[in-house]
Number of protein chains: 2
Amino acid sequence: MRSKDETKVQLILGTALKMIERVGLAGLKMSDLAKEAGVATGTVYIYFEDKNQLIRELYLYLMHYNTADLNQPISENEPLKIKIKKIARNYLNNNINNPEHGAFLEQYFRSPYFHEDDATHQAEELALQPIYSLLVEGQRQSLIKDADPELLVTLVCGMLNEVAKVSIYTQKPITPAEWELTFSVLWDGIRS
Amino acid sequence: MRSKDETKVQLILGTALKMIERVGLAGLKMSDLAKEAGVATGTVYIYFEDKNQLIRELYLYLMHYNTADLNQPISENEPLKIKIKKIARNYLNNNINNPEHGAFLEQYFRSPYFHEDDATHQAEELALQPIYSLLVEGQRQSLIKDADPELLVTLVCGMLNEVAKVSIYTQKPITPAEWELTFSVLWDGIRS
DNA sequence: TTTGTAAATGAATTTTAATTCACCTAATTT
DNA sequence: AAATTAGGTGAATTAAAATTCATTTACAAA
């Protein structure tokens with residue numbers, strides 16, 4: 001008897017993720033994937049039913065990962081503005097440090113592998129929950145514009161997503177000055 | 001003699017664009033495309049070398065289209081704030097009314113069809129030029145935060161892109177209240 | 001009208017990539 | 001340490017999709 005190597009699942013998924021960032025979902029070949037992961041083609045089929053399921057798993061794996069990540073503990077006893085600044089920075093860093101994630105998800109939602117029942121929305125909402133809560137808290141303290149918090153989250157994330165994209169694209173990290181400006185636009189935009 | 005029907009190029013590209021929004025670049029089959037466009041498979045190959053070139057053409061076609069579009073004349077003799085509000089609304093509407101465009105471009109940039117030399121950046125910069133100019137004008141009038149205008153454009157477009165995405169996704173148009181909030185966040189964010 | 005030519009067709013072919021499988025190997029159990 | 005069993009391999013197979021091409025129109029010029 002020989003037991004399945006759970007490490008290999010991670011290896012294959014991780015390799016797929018990196019490759020997809022490079023060649024796109026449309027360009028991912030099972031044989032290339034196997035080669036790059038350093039296993040035989042057939043091995044991939046031991047751990048995954050077929051390509052479809054592999055992509056599916058990758059999605060679930062990412063969702064799980066992402067959701068966990070924004071929930072880093074926020075130091076209490078700080079002014080709300082600072083809390084928001086920290087969580088925003090956290091969100092931005094997450095996006096910049098894991099460009100493969102955004103690249104994959106962007107494509108997944110538009111691919112033939114994606115089916116509506118994928119709990120997309122729940123997962124996304126869950127991931128944004130912490131930001132949402134902070135904004136609502138701010139509204140209660142009359143610090144934040146009294147308007148649909150959903151829309152506020154959308155606007156805030158829109159800014160951060162785009163900044164992340166540019167940073168990834170230009171391969172330049174965010175400078176302190178850039179971050180200060182970004183947060184200033186964000187904060188002045190939402191404060192009441 | 002029989003002459004090529006230029007209309008057919010448009011038909012095929014347009015059909016491809018709509019299909020890609022639905023099934024993704026990875027899901028586009030030449031035979032399906034032909035069927036949906038109402039022509040024979042072979043006909044597609046009369047107008048396009050191969051799939052690769054078809055996708056490439058589609059990109060050029062879109063770039064051309066998009067660039068032209070933001071350059072709608074802006075009524076002069078209005079306060080800058082109003083001008084920015086109008087151009088922002090224009091940008092938003094463009095995104096919402098042509099969801100296929102965003103869907104395609106998003107995927108194209110990450111596909112095996114895309115090559116760096118595609119003049120991506122020039123085209124994009126060109127499209128954002130009008131917004132950029134207005135912001136700089138605002139800085140000269142000390143109405144807009146005195147900071148890197150590139151980054152300001154990024155932030156502004158980020159907000160608008162995300163709002164467009166949500167509107168497309170939920171299939172709900174932007175309500176007047178939503179638009180007012182969006183612009184208020186945008187404006188308060190960038191004004192000095 | 002007739003004729004020449006290029007567009008249009010879609011079944012047949014070729015190409016590409018997914019998936020299988022007969023054979024090998026390494027871990028576990030007795 | 002032998003036997004057993006499931007993992008691992010990669011060439012061979014199958015499936016899917018791109019592309020071709022012999023044939024059939026439709027148009028334009030003569």
Side-chain angles (χ1 to χ4, degrees), chain A residues 1-61 104 107-108 110-115, chain B residues 1-61 104 107-108 110-115:
Chain A
M1 243 277 249
R2 196 173 167 186
S3 62
K4 273 194 189 172
D5 184 356
E6 267 313 306
T7 254
K8 211 151 277 187
V9 172
Q10 305 292 317
L11 170 68
I12 293 172
L13 290 179
T15 305
L17 199 51
K18 274 183 228 129
M19 289 185 76
I20 289 170
E21 186 189 7
R22 184 146 36 80
V23 301
L25 247 186
L28 183 73
K29 314 285 152 68
M30 293 299 261
S31 51
D32 292 351
L33 168 57
K35 199 181 301 171
E36 193 155 324
V39 299
T41 317
T43 305
V44 176
Y45 286 87
I46 291 170
Y47 292 91
F48 303 93
E49 192 66 25
D50 54 19
K51 187 175 175 181
N52 189 74
Q53 197 228 340
L54 162 45
I55 303 290
R56 208 55 102 76
E57 293 279 320
L58 191 46
Y59 169 73
L60 296 172
Y61 166 76
F104 172 75
Q107 292 183 79
Y108 180 74
R110 301 185 180 286
S111 77
Y113 304 105
F114 169 69
H115 291 294
Chain B
M1 242 278 243
R2 196 171 164 188
S3 61
K4 273 194 190 173
D5 184 356
E6 267 314 306
T7 256
K8 211 150 276 185
V9 172
Q10 304 292 315
L11 169 68
I12 294 173
L13 289 179
T15 305
L17 200 52
K18 275 184 225 127
M19 289 185 77
I20 289 169
E21 185 189 8
R22 184 147 36 80
V23 302
L25 247 186
L28 183 73
K29 313 288 152 64
M30 292 300 259
S31 52
D32 293 351
L33 168 56
K35 199 181 300 169
E36 193 154 324
V39 299
T41 319
T43 304
V44 177
Y45 285 88
I46 289 169
Y47 293 91
F48 303 94
E49 191 66 24
D50 55 18
K51 187 175 176 181
N52 188 74
Q53 197 230 339
L54 163 46
I55 302 289
R56 207 54 102 73
E57 292 280 320
L58 192 46
Y59 169 72
L60 295 174
Y61 166 76
F104 172 75
Q107 290 183 79
Y108 180 74
R110 300 184 180 287
S111 76
Y113 304 104
F114 169 70
H115 292 294

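Here the structure is a predicted model, which means the values were calculated and not measured. Chain identifiers are assigned alphabetically (A, B, ...) following the order of the sequence lines, protein sequences preceding nucleic acid strands; residue numbering begins at 1 within each chain.
Taking atom CD1 of residue I12(A) and atom P of nucleotide dA18(C), one finds them 14 Å apart after rounding to whole Å. In this structure, I46(B) atom CD1 and dT24(D) atom P are separated by 16 Å, rounded to whole Å. Counting to the nearest Å, the C1' atom of dA17(C) and the CG atom of N52(A) are 15 Å from each other. One interatomic measurement links the two molecules: CG of D32(B) to C1' of dT19(D), which rounds to 15 Å at whole-angstrom precision. The nearest whole Å value for the distance from the CZ atom in F48(B) to the C1' atom in dT19(D) is 16 Å. For the pair E49(B) CD and dA18(D) P, the computed distance is 16 Å after rounding to whole Å. For the pair Y47(A) OH and dG7(D) C1', the computed distance is 6 Å after rounding to whole Å. Rounding to whole angstrom units, NZ of residue K8(B) and C1' of dT9(C) are separated by 11 Å.
Counting heavy atoms from C-beta outward, Y47(A) and L13(A) have side chains that stay 4.5 Å or more apart. Residues I55(A) and F104(A) are in side-chain contact: their nearest non-hydrogen atoms beyond the backbone lie under 4.5 Å apart. The shortest side-chain heavy-atom distance between L33(A) and K51(A) does not fall under the 4.5 Å cut-off. A heavy-atom distance below 4.5 Å is not found between the side chains of F48(B) and R56(B).
Of the candidate nucleotides dG8(D), dA11(C), dA18(D), dA18(D) has the atom lying nearest to any side-chain atom of M30(B). The side chain of K29(A) lies closest to dA18(C) when the candidates are dA7(C), dA18(C), dG7(D). The side chain of D50(B) approaches dT19(D) more closely than any other nucleotide in the set dT19(D), dG8(D), dT19(C). With distances taken from any side-chain atom of K51(B) to the nucleotides dT19(C), dA8(C), dA18(D), the minimum falls on dA18(D). Of all nucleotides listed (dA11(D), dG7(D), dT9(C)), dA11(D) comes nearest to the side chain of T41(A).
Taking only side-chain nitrogens and oxygens, Y45(A) never comes nearer than 4.0 Å to OP1 or OP2 of dC21(C). Contact between the side-chain N/O atoms of K35(A) and the OP1/OP2 oxygens of dG10(D) is not found at any separation under 4.0 Å. Residue T43(B) has a polar side-chain atom (N or O) positioned under 4.0 Å from OP1 or OP2 of dT9(C).
At a threshold of 4.0 angstrom between heavy atoms, the contacts of L28(A) are confined to the sugar-phosphate backbone, with no base atom among them.
At a threshold of 4.0 Å, the pair E36(B)-R22(B) counts as salt-bridged, since one of the basic side-chain nitrogens sits closer than that to a carboxylate oxygen.
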